[in-house]
Chemist: 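Shown below is the structure under consideration.
No experiment lies behind these values; they were computed from the predicted model shown.
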Amino acid sequence: MNKKPVVLVVMDGVGKTDKDLGNMVMHAYTPTLDEMMSTCPNNTIQAHGTAVGLPSDEDMGNSEVGHNALGCGQIYAQGAKLVNESIESGKLFESATWRALTSRCVANKSTLHFIGLLSDGNVHSNISHLKALIANAKKQGVANVRVHALLDGRDVPATSALQYVDDIEAFMASLNDDTFHACIASGGGRMKVTMDRYQANWPMVKLGWETHVHGVGRQFASARDAVETYRNEENVIDQDLPAFVIAKDGKPVGTIEDGDSVVLFNFRGDRALEISMAFDDADFTAFDRSRVPDVMYAGMLQYDGDLHIPKNFLVAPPAIHNTLSELLVGAGVAQYAVSETQKYGHVTYFWNGNRSEKFDEKLETFEEVPSDVRSFDEAPWMKAAEVTDKVIAAIESGKYGFIRCNYPNGDMVGHTGNLDATRLAVESVDLELRRVWNACKAHGCVLLVTADHGNADEMLQKNKKGELQPRTAHSLNPVPFIICDDEPHALKDGKFGLANVAPTVAQLLGLTPPACWMEGMLK
């Protein structure tokens, strides 16, 4: 290949907007980004909603669908949209998995448990899906349902938990009668209980196991009581609320027992894998599970198709074909991918179309920098310097035609709600971006800079009273797309999204993309 190597940097969670409120990208000192924006061809591209396969443009993008789109050059129906279609068509309830889950409970006169994020954020889950599952469970003759509610405050307003708790409890009350009973059994904040990812914090998953399965933990009469008590005692937002168990007369109302069925109703995979492994893997060793109940377990989706986690699932994930990696492998182009643990799966598994395995062991090199197990706002620079070291080494090696990396800082620190730490996170990425740019100049590479979605660009919002409060969710803002090269390039006019990045990489490398791809952005 005679074309210049291409280096793609994904600044995770760094959106672009002119709005000042809570915009820690604007308020950060970013001389590198500022220079790029003033001297290099650039535009903004869509990273949410229909541009990444979600149901509507009111749906926030996320790192998973963002990297799917970046890596495959196409738009696939994703997450909530997949599940919506399956529920609306009735396919979910006709599936062998759903029938087995419910018939087991009917035959054993046992309980159907639902574990998942209780919100309508449409990033990990949607409360409407849970309602549909509960209603159909009753229709199938299931007598008892228990909900293990993980509280959000990240993809929805930071202290909105009671809105969803009250909603689901009212819904279940409307169904309860002499033949059916549903209620909340346990829960906790999503960043404290159950929803770890990339095996970074197994004690968090162990706590979830003990809370949901064994009913071990602080007891409350209701989920509302738990939330209100913890808010008064801990002064934390929803995602950081401690674990709780609902009990009556000192006895948990919903432990998971032999003969039960369990559904994880989250549709996003990264924070669903570890608890799925704990339920599904007979040889599981990450922590001592103590009593392991004999249950049928299923996920809303299969969260890892190559590793078959979980074995049972309700909705088939999109079969993503004709990815950029496949195009590069077919052309004999060697590629390199690196990030730290928190986003390693995004530049590998999600980038390659929800595929754990490489397309070619010789042509694909993946490296992971282990993330620290600590609150991200305590060290907002995270592992940006170490990731940069590896990117520069890959550039200097001359082995690769395409190099990609992800800096998680803007997203992971942005989710903490700590504005000062997020400003430092953005500045840390800017420092490292300078190093990568210098290496690209020195070794004749084209540098592309973009993001997978916004977050650090919109960290405050006004509540109904007009008061400012933290905003820890992703934003709906577009993201930058910049081409840095010593040769001239011109970008087309028009509305583009993340799925147009792969075709642009193909243009730069002189490769002909598949007919199913979106168009490249170069004139």
Side-chain angles (χ1 to χ4, degrees), residues 6-19 22-28 30 32-34 36-38 40-54 57-73 75 78 123 155 324 339 343 346-347 350-351 384 404-415 422 425-430 432-433 436-437 447-459 471 473-484 491-505 518 520-522:
V6 174
V7 177
L8 174 67
V9 171
V10 179
M11 306 180 296
D12 213 292
V14 178
K16 192 173 191 306
T17 177
D18 293 331
K19 295 179 181 178
N23 189 343
M24 304 319 292
V25 177
M26 177 184 291
H27 291 292
T30 55
T32 309
L33 268 177
D34 294 345
M36 287 179 172
M37 296 294 288
S38 63
C40 302
N42 67 86
N43 59 12
T44 57
I45 56 179
Q46 298 299 304
H48 74 284
T50 56
V52 290
L54 295 170
D57 285 337
E58 294 181 357
D59 293 321
M60 292 176 288
N62 63 65
S63 297
E64 288 66 43
V65 300
H67 284 79
N68 277 167
L70 284 167
C72 76
I75 299 174
Q78 291 280 1
V123 175
D155 301 323
L324 176 58
S339 185
K343 298 292 180 175
H346 296 80
V347 294
F350 291 107
W351 181 277
R404 61 184 181 268
C405 76
N406 179 299
Y407 292 111
N409 308 58
D411 188 40
M412 300 312 300
V413 184
H415 278 312
T422 305
V426 174
E427 292 175 353
S428 298
V429 171
D430 193 79
E432 301 310 320
L433 201 55
V436 174
W437 195 10
L447 174 61
L448 306 181
V449 180
T450 191
D452 54 345
H453 58 76
N455 183 334
D457 47 291
E458 192 173 341
M459 293 187 62
R471 188 181 191 279
H474 296 166
S475 76
L476 297 177
N477 296 321
V479 298
F481 179 78
I482 312 168
I483 301 180
C484 305
L491 291 170
K492 297 176 182 175
D493 295 327
K495 185 177 181 180
F496 298 102
L498 295 181
N500 297 96
V501 173
T504 305
V505 172
M518 307 290 282
M521 290 181 279
L522 297 179

Chemist: So do M36 and P480 actually touch side chain to side chain, heavy atoms under 4.5 Å?
Modeler: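 With C-beta onward as the side chain, the pair stays apart.
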Chemist: If the condition is side chain to side chain contact (heavy atoms under 4.5 Å, CB included), which residues does E458 pass it with, not counting sequence neighbours?
Modeler: R471, S475, N477
Chemist: Out of curiosity, L433 CG to L33 CG, how far, rounded to the nearest 0.5 Å?
Modeler: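 If I round to the nearest 0.5 Å, the distance is 5.5 Å.
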Chemist: Quick check against the 3.5 Å criterion: does T504 have a side-chain atom that pairs as donor or acceptor with the backbone of M521?
Modeler: yes
Chemist: Kindly write out the residues that satisfy side chain to side chain contact (heavy atoms under 4.5 Å, CB included) with N42, not counting sequence neighbours, or none if the list is empty.
Modeler: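 By the side chain to side chain contact (heavy atoms under 4.5 Å, CB included) rule, N42 matches M37, I482.
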Chemist: Nearest 0.5 Å please: distance from the CG atom of D57 over to the NE2 atom of H48.
Modeler: 4.5 Å
Chemist: In this structure, are over 12 heavy atoms from other groups packed under 6.0 Å from K495 atom NZ?
Modeler: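 Open.
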Chemist: Can you find a pair of side-chain heavy atoms, one from M11 and one from V449, that are under 4.5 Å apart?
Modeler: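 In short, these two side chains touch, coming nearer than 4.5 Å.
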Chemist: Report all side-chain donor-acceptor pairs from residues 407-414 shorter than 3.5 Å, counting only partners two or more places apart or in another chain.
Modeler:
{"residue": "Y407", "atom": "OH", "partner": "T388", "partner atom": "OG1", "Å": "2.6"}
{"residue": "N409", "atom": "ND2", "partner": "P380", "partner atom": "O", "Å": "2.9"}
{"residue": "N409", "atom": "ND2", "partner": "W381", "partner atom": "O", "Å": "2.9"}
{"residue": "D411", "atom": "OD1", "partner": "H415", "partner atom": "NE2", "Å": "3.0"}
{"residue": "D411", "atom": "OD1", "partner": "N455", "partner atom": "ND2", "Å": "2.9"}
{"residue": "D411", "atom": "OD1", "partner": "H474", "partner atom": "NE2", "Å": "3.2"}
{"residue": "D411", "atom": "OD2", "partner": "K343", "partner atom": "NZ", "Å": "2.8"}

Chemist: Could you tell me which non-hydrogen atom of L522 sits nearest to which non-hydrogen atom of K492, and how far apart they are?
Modeler: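 Closest heavy-atom pair between L522 and K492: O-CE, 3.1 Å.
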Chemist: Are H67 and N406 packed together at the side-chain level, in the sense that at least one heavy-atom pair is separated by less than 4.5 angstrom?
Modeler: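 Heavy-atom side-chain distance check passes, below 4.5 Å.
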Chemist: Report yes if the side chains of V479 and V14 come closer than 4.5 Å at any heavy-atom pair, otherwise no.
Modeler: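 Counting from C-beta outward, V479 and V14 never come under 4.5 Å.
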Chemist: Go through the structure and list residues passing salt bridge (Lys or Arg N to Asp or Glu O under 4.0 Å) with K19, not counting sequence neighbours.
Modeler: none
Chemist: Apply side chain to side chain contact (heavy atoms under 4.5 Å, CB included) to residues V9 and L447 and explain how you reach the verdict.
Modeler: CA-CA 8 Å; V9 171; L447 174 61; 3.8 Å; yes
Chemist: Just do the side chain to side chain contact (heavy atoms under 4.5 Å, CB included) check on I45 and T450 with the steps written out, would you?
Modeler: CA-CA 9 Å; I45 56 179; T450 191; 3.7 Å; yes
Chemist: T50 versus I75: any side-chain heavy-atom pair under 4.5 Å?
Modeler: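 Not in contact.
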Chemist: Any side-chain heavy-atom pair from T30 and V426 closer than 4.5 angstrom?
Modeler: yes
Chemist: Where the side chain of D430 meets the backbone of T32, is there a donor-acceptor pair that is under 3.5 Å apart?
Modeler: yes
Chemist: Where do L324 and V505 land on the side chain to side chain contact (heavy atoms under 4.5 Å, CB included) test, with the steps shown first?
Modeler: CA-CA 9 Å; L324 176 58; V505 172; 4.1 Å; yes
Chemist: Can you find a heavy atom in the side chain of F496 that is under 4.5 Å from one in the side chain of P503?
Modeler: no
Chemist: Taking all non-hydrogen atoms of both residues into account, name the closest pair between Q78 and N68 and its distance.
Modeler: NE2-OD1, 3.0 Å
Chemist: Is it true that a side-chain atom of D452 and a backbone atom of G13 form a donor plus acceptor pair closer than 3.5 Å?
Modeler: yes
Chemist: Which atom pair, heavy atoms only, marks the closest approach of A69 to V52?
Modeler: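 Looks like CB-CG1, 4.1 Å.
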Chemist: Not counting sequence neighbours, which residues clear side chain to side chain donor-acceptor pair (under 3.5 Å) with S428? List them please.
Modeler: none
Chemist: Once you round to the nearest 0.5 Å, how far does OG of S339 lie from CH2 of W351?
Modeler: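 Reported to 0.5 Å precision, the distance equals 12.0 Å.
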Chemist: Can you name the ring-ring contact (aromatic ring centres under 6.0 Å, His included) partners of F481, sequence neighbours left out?
Modeler: none
Chemist: For T422 and A456, work out which heavy atoms get closest and say how close.
Modeler: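 What the structure gives for the nearest pair is CG2-CB, 3.5 Å.
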Chemist: Answer whether the closest heavy-atom distance between the side chains of F350 and L70 falls below 4.5 Å.
Modeler: no
Chemist: So, D12 and S63: side-chain donor and acceptor under 3.5 Å apart, yes or no?
Modeler: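 Distance-only check passes for D12 and S63.
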Chemist: Going from CG on D18 to CG on D457, what distance comes out if it is rounded to the nearest 0.5 angstrom?
Modeler: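 Reported value, rounded in 0.5 Å steps: 11.0 Å.
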Chemist: Please report the shortest heavy-atom distance between Q46 and P478, naming the atom on each side.
Modeler: NE2-CB, 3.8 Å
Chemist: Could you state the interatomic distance from CE (M26) to OG1 (T17), rounded to the nearest 0.5 Å?
Modeler: 6.5 Å
Chemist: Heavy atoms only: give me the nearest V436-V7 pair and the separation to one decimal.
Modeler: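 That closest heavy-atom pairing would be CG1-CG1, 4.2 Å.
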Chemist: How many angstroms lie between SG in C484 and CG in L448, if you round to the nearest 0.5 Å?
Modeler: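 The distance works out to 8.0 Å.
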